[in-house]
Amino acid sequence: QVQLVESGGGLVQAGGSLRLSCAASGRTFTNYAMGWFRRAPGQERDFVGGITPSGARTEYADSVKGRFTISRDNAKNMLYLQMNGLKPEDRAVYYCAARFTPYSHTVYYTDRDYGYWGQGTQVTVSS
């Protein structure tokens, strides 16, 4: 069992920045690929980005590419999402997710791929 707790959400003006954090506990963090997803009001939960267990590879949704950066600190069991150039359409509840994997180079893109989820943190962007 992996427990995930997100933090760092809040209210920011358009063009501003936020950094979300996700603290993981319960299992060996380096055995897990990680992902960030978001759910806007009335919409499905969408992939934001993912990172391999080692952190060597990241992938992003087109909507955030060039603005958001995923990173992880395996020594601290932490996952991060640096969000720059925020837009009103980035408003959503953001979730971190974990998937046990033996494949060190694989990023997972759909929420069905992940077995563990945090409770989410709200990000609101004012125009």
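Only heavy atoms go into these numbers, but all of them, side chains included; no hydrogens, no water, no symmetry mates. The first residue in the sequence is number 1, and the count goes up from there.
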Note to self: How close do Lys65 and Tyr60 get, counting heavy atoms only, and between which atoms?
What the structure shows: CE-O, 3.6 Å
Check: Considering only heavy atoms from C-beta outward, does the side chain of Tyr80 approach that of Arg72 to under 4.5 Å?
Finding: no
Margin query: Quick check on the hydrophobic clustering: are Leu81 and Tyr116 connected, directly or via other members, by side-chain heavy-atom contacts under 4.5 Å?
Written below: yes
Next item on the list: Measure across Cys96 and Glu6 and return the closest heavy-atom pair with its distance rounded to 0.1 Å.
Entry: N-OE2, 2.8 Å
Margin query: Let me check something: do Val93 and Tyr114 share a hydrophobic cluster, defined by ILVMFWY side-chain heavy atoms less than 4.5 Å apart, either directly or through other members?
Written below: yes
Notebook entry, point to check: Between Glu89 and Arg91, is there a salt bridge with N-O shorter than 4.0 Å?
Noted result: no
Note to self: Looking only at the aromatic ring of each residue, does the gap between the centers of Phe47 and Trp36 stay below 6.0 angstrom?
What the structure shows: no
Check: Taking atom CD of Gln119 as the centre, does the number of heavy atoms from other residues, nucleotides or ligands within less than 6.0 Å exceed 12?
Finding: yes
Check: Can you tell me how far the CG atom of Leu86 sits from the OG atom of Ser126, to the nearest 0.5 Å?
Finding: 10.0 Å
Note to self: Does any part of the side chain of Leu18, heavy atoms only, come nearer than 4.5 Å to the side chain of Val123, both counted from C-beta?
What the structure shows: yes
Check: How far apart are the closest heavy atoms of Arg57 and Thr106, and which atoms are they?
Finding: NH1-CA, 4.1 Å
Next item on the list: Check whether any side-chain heavy atom of Leu20 lies under 4.5 Å from a side-chain heavy atom of Phe68, and answer yes or no.
Entry: no
Check: Hey, is the main chain of His105 close enough, under 3.5 Å, to the side chain of Thr52 for a donor-acceptor pair?
Finding: no
Check: Looking at NZ of Lys87 and OG of Ser127, how far apart are the two atoms once the value is rounded to the nearest 0.5 Å?
Finding: 14.0 Å
Check: Going hydrophobic residue to hydrophobic residue with side-chain gaps under 4.5 angstrom, can you get from Phe37 over to Ile70?
Finding: no
Check: Between Tyr95 and Arg39, is any pair of side-chain heavy atoms under 4.5 Å apart?
Finding: yes
Next item on the list: Compare every heavy atom of Gly85 with every heavy atom of Asp90, then report the nearest pair and how far apart it is.
Entry: OD2-O, 4.3 Å
Next item on the list: Supply the atom-to-atom distance Thr110 OG1 to Arg99 CZ, rounded to the nearest 0.5 angstrom.
Entry: 8.5 Å
Item checked: Hydrophobic cluster identity match, Phe29 and Phe100, side-chain contacts under 4.5 Å -> yes
Next item on the list: Show your working on side chain to side chain contact (heavy atoms under 4.5 Å, CB included) between Trp117 and Arg45 and close with a plain yes or no.
Entry: CA-CA 12 Å; Trp117 293 86; Arg45 186 163 56 187; 3.6 Å; yes
Notebook entry, point to check: Can Asp46 and Arg38 be counted as an ion pair, charged N to O under 4.0 angstrom?
Noted result: no
Next item on the list: Answer yes or no: is there a side-chain heavy-atom contact under 4.5 Å between Thr30 and Ser54?
Entry: no
Next item on the list: Could you grab the distance from atom CG of Asn84 to atom CZ of Arg67, nearest 0.5 Å is fine?
Entry: 9.0 Å
Note to self: For a 4.5 angstrom cut-off between non-hydrogen side-chain atoms, does Cys22 reach Met78?
What the structure shows: no
Margin query: Are Tyr103 and Met34 connected into the same hydrophobic cluster when the rule is that any two of I, L, V, M, F, W, Y join if their side-chain heavy atoms are below 4.5 Å apart?
Written below: no
Note to self: Less than 4.5 Å apart, side chain to side chain, heavy atoms only: is that true for Met83 and Tyr94?
What the structure shows: yes
Check: Which heavy atom in Val2 sits nearest to a heavy atom in Ala98, and how many Å separate them?
Finding: CG1-CB, 4.4 Å
Item checked: Minimum heavy-atom distance between Gln122 and Ala92, given as atom pair plus value -> NE2-O, 3.4 Å
Next item on the list: Drop me the distance from Ile51's CD1 to Leu79's CG, to the nearest 0.5 angstrom.
Entry: 6.5 Å
